[in-house]
Amino acid sequence: MEQAILAFFHHYGDILFILLGLYSMGGAIKQWKWFVQDRRARKVAGRTGGTTGMRIFYVVLGLGFCIVGLISFMTGISVLYIIPMIKADPLSVFELL
């Protein structure tokens with residue numbers, strides 16, 4: 001089962017990250033009621049200074065997901081390899097471009 005999940009991420013991880021980024025940005029920008037009033041979203045709102053801070057956080061998070069997905073798509077390198085590289089040295093991602 002674990003091998004199947006890894007294979008899925010190697011093949012479709014870039015598309016998944018782009019879709020997750022669009023989902024996060026859409027929920028924050030459009031203020032979908034079920035997205036903004038979620039228990040976890042309220043925790044983020046409490047830590048970021050209210051609803052506006054929570055929306056900014058989710059837009060930035062969505063942009064990050066989209067950027068990682070686009071880099072993975074453009075370079076052909078799996079998301080599973082890009083994320084650890086970004087964690088080790090965030091500026092190293094520019095070497096891929």
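Just so it is clear, the model here is predicted, and its values are computed rather than measured.
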Output side-chain donor-acceptor pairs under 3.5 Å for residues 15-39, partner residues at least two apart or in another chain, one line each.
| residue | atom | partner | partner atom | Å |
| --- | --- | --- | --- | --- |
| Ser24 | OG | Tyr58 | O | 2.7 |
| Asp38 | OD2 | Arg40 | N | 3.3 |
| Asp38 | OD2 | Arg40 | NE | 3.3 |

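- The same ILVMFWY cluster, assembled from side-chain heavy atoms under 4.5 Å apart, contains both Phe65 and Ile77.
- Remark: Thr51 pairs with no residue by the side-chain hydrogen bond (donor to acceptor under 3.5 Å, both in side chains) rule, at least two apart or across chains.
- Under the 4.5 Å side-chain contact rule for hydrophobic residues, Ile56 and Ile67 do not share a cluster.
- When all heavy atoms of Asp14 and Gly69 are compared, the closest pair comes out as CB-O, 3.4 Å.
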